[in-house]
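Okay, so here's the structure we're looking at.
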Amino acid sequence: MAQQPLTDAFARLVQILDELREKCPWDKKQTIQTLRPLTIEELYELADAITKNDWEGIKEELGDLLMHLVFYARIAKEQNRFTMEEVIQGINEKLVFRHPHIYGDPAGDDQIVRVMNEEDVKKNWEKLKLQEGKQSVLSGVPLALPAIIKALRLQEKARQVGFEWEKAGQVWDKVEEEMKELQQAVSLADKNQVEEEFGDLIFSLINYARFLRIDPENALEKTNSKFIERFTLMEKAALSNGKSLSEMTLEEMDAIWESIKKQKLQD
């Protein structure tokens with residue numbers, strides 16, 4: 001099948017969504033509220049594909065997300081809120097405004113126009129967002145973000161105004177400090193304080209991951225996947241011995257776990 005030009009392919013998608021909205025009972029019933037959880041699910045499916053470096057999966061999930069974006073715009077058009085053209089025009093204008101080092105600065109601010117590296121670009125981005133009326137450099141972080149991703153974004157944004165440690169060693173010192181405070185809270189058996197100190201420790205570890213240039217969310221997801229794989233193999237190994245895990249002692253399960261771990265390290 002010949003590949004359609006981008007504009008034609010996009011116009012075809014819009015046309016299909018228009019037809020489904022008018023003719024399909026399921027599509028006709030959808031609202032932005034009913035689509036919201038489905039969109040979140042699609043986004044996580046894309047994240048899974050990216051973690052697996054599955055390019056075919058990435059292509060498919062990007063298509064699903066694009067369909068959702070067109071669907072939202074269609075609903076907005078029905079309610080006289082905005083059109084897809086306005087959505088696209090809005091992001092075009094935003095990208096041009098926030099990249100004055102590429103497109104120039106209408107206000108003639110040479111300091112913003114001149115950048116030396118990606119960090120300068122990020123700092124300019126935050127400055128320009130404040131010019132757009134944002135009250136805080138942190139205001140662009142969605143409240144609904146998962147906690148690990150939110151912590152990472154908060155730290156990245158704070159960095160743009162200089163609220164940042166200079167070296168990774170300083171961050172690790174903070175991690176150790178938070179570990180001691182958590183241990184003290186545990187010894188006092190104060191549940192609220194334990195929860196607070198545990199949160200502080202996780203926040204510091206996320207900051208340390210950032211200094212190591214590691215995505216903490218992705219790192220944890222890889223650990224989750226590794227645990228699922230090994231636990232599933234442990235279940236199979238137990239069944240091959242005529243037992244279920246619930247019939248085994250912790251020592252027996254731990255022996256199988258270590259055997260699987262060693263095997264995986266050799267693979």
Side-chain angles (χ1 to χ4, degrees), residues 32-33 35-51 58 61-62 65-66 68-69 72-73 76 81-82 86-88 90-102 112 115 117-168 170-172 174-175 177-178 182 192 195-224:
I32 59 173
Q33 286 78 21
L35 284 177
R36 179 182 181 275
L38 302 178
T39 305
I40 293 172
E41 180 180 344
E42 294 295 351
L43 185 57
Y44 275 108
E45 289 177 359
L46 173 61
D48 286 344
I50 293 172
T51 298
I58 292 171
E61 300 305 336
L62 284 174
L65 273 176
L66 181 59
H68 277 245
L69 299 180
Y72 285 116
R81 301 291 184 175
F82 54 80
E86 290 175 307
V87 171
I88 296 173
I91 187 60
N92 288 344
E93 292 175 356
K94 180 188 292 185
L95 288 172
V96 170
F97 176 74
R98 293 189 184 175
H99 290 80
H101 54 288
I102 302 296
I112 289 181
V115 297
N117 50 48
E118 64 174 306
E119 291 305 317
D120 287 345
V121 175
K122 291 179 181 178
K123 290 177 182 178
N124 282 348
W125 186 277
E126 298 302 332
K127 290 178 182 177
L128 292 165
K129 286 176 70 173
L130 291 175
Q131 289 182 20
E132 292 172 344
K134 300 290 191 299
Q135 299 300 311
S136 167
V137 295
L138 303 180
S139 60
V141 180
L143 296 177
L145 274 181
I148 290 179
I149 299 175
K150 184 190 291 186
L152 185 64
R153 294 295 294 134
L154 290 171
Q155 292 167 1
E156 289 173 342
K157 287 185 173 294
R159 178 187 183 186
Q160 302 311 319
V161 295
F163 192 68
E164 174 81 311
W165 297 105
E166 294 182 357
K167 300 177 182 178
Q170 295 172 308
V171 184
W172 183 251
K174 185 64 176 176
V175 170
E177 175 186 325
E178 297 295 351
L182 174 60
N192 290 333
E195 182 180 51
E196 179 180 345
E197 296 300 342
F198 188 80
D200 290 347
L201 176 58
I202 294 175
F203 193 85
S204 295
L205 282 169
I206 292 169
N207 203 22
Y208 189 59
R210 189 169 59 84
F211 269 77
L212 297 179
R213 299 186 181 276
I214 293 172
D215 178 349
E217 174 75 21
N218 199 46
L220 181 57
E221 181 52 37
K222 287 182 178 179
T223 296
N224 290 340

Answer yes when Arg98 and Glu93 have at least one side-chain N-carboxylate O distance shorter than 4.0 Å, and no when they do not.
no

Is it true that, when you exclude Tyr44 itself, more than 12 heavy atoms of the residues, nucleotides or ligands shown sit nearer than 6.0 Å to its OH?
no

Verdict with reasoning, Leu152 to Glu217, per side-chain contact (heavy atoms from CB on, under 4.5 Å):
CA-CA 9 Å; Leu152 185 64; Glu217 174 75 21; over 6 Å; no

Side chains of Tyr208 and Ile214, heavy atoms from C-beta outward: is any pair under 4.5 Å?
no

Looking only at heavy atoms, which two atoms of Lys157 and Val141 are closest? And how far apart?
CD-CG2, 3.5 Å

Counting N and O atoms only, with roles assigned by atom type, does the side chain of Glu42 sit under 3.5 Å from a partner on the main chain of Leu38, one being a donor and the other an acceptor?
no

In terms of heavy-atom contacts, Leu62 and Leu46 come closest through CD2-CD2, 3.9 Å

Hey, what do you get for CD1 (Ile202) to CD1 (Ile148), rounding to the nearest 0.5 Å?
7.0 Å

Kindly determine whether Asn224 and Leu220 satisfy side-chain contact (heavy atoms from CB on, under 4.5 Å), including the steps that lead there.
CA-CA 6 Å; Asn224 290 340; Leu220 181 57; 4.2 Å; yes

Correct closest heavy-atom pair for Val161 and Val137 would be CG1-CG1, 3.8 Å

Could you tell me whether Arg159 and Glu156 make a salt bridge, using a distance below 4.0 angstrom between a side-chain N and a carboxylate O?
no

Does any non-hydrogen side-chain atom of Val171 lie less than 4.5 Å from one of Ser204?
no

For Gln170 and Trp165, work out which heavy atoms get closest and say how close.
CB-CE3, 3.7 Å

Side-chain (Lys150) to main-chain (Leu143) donor-acceptor, under 3.5 angstrom
yes

Which distance, rounded to the nearest 0.5 Å, do you find between the CD1 of Ile58 and the CG of Leu65?
12.0 Å

Is it the case that over 12 heavy atoms from other parts of the model lie below 6.0 angstrom from the CD1 atom of Ile32?
no

When you compare the side chain of Asp120 with that of Asn117, does any pair of heavy atoms fall below 4.5 Å?
yes

So which atom in Ala158 and which in Leu138 form the shortest heavy-atom distance, rounded to 0.1 Å?
N-CD2, 4.4 Å

Go through Phe203 and Asn207 one step at a time and tell me if the side-chain contact (heavy atoms from CB on, under 4.5 Å) criterion holds.
CA-CA 6 Å; Phe203 193 85; Asn207 203 22; 5.5 Å; no

Ile91 and Ile88 have their tightest heavy-atom pair at CG2-O, 3.1 Å

dist Glu41:CD -> Arg36:CZ (nearest 0.5 Å) comes out at 13.0 Å

For the NZ atom of Lys94 and the NE2 atom of His99, what is their distance to the nearest 0.5 Å?
11.5 Å

Check step by step if side-chain contact (heavy atoms from CB on, under 4.5 Å) holds for Glu164 and Phe211.
CA-CA 10 Å; Glu164 174 81 311; Phe211 269 77; 3.6 Å; yes

For the atom pair NE2 (His68) and CG (Leu43), what is the distance rounded to the nearest 0.5 Å?
10.5 Å

Could you grab the distance from atom CG of Asn218 to atom OG1 of Thr51, nearest 0.5 Å is fine?
4.0 Å

Using atom types as modelled and distance alone, determine if a side-chain donor or acceptor of Glu195 lies under 3.5 Å from a backbone N or O of Asn192.
no

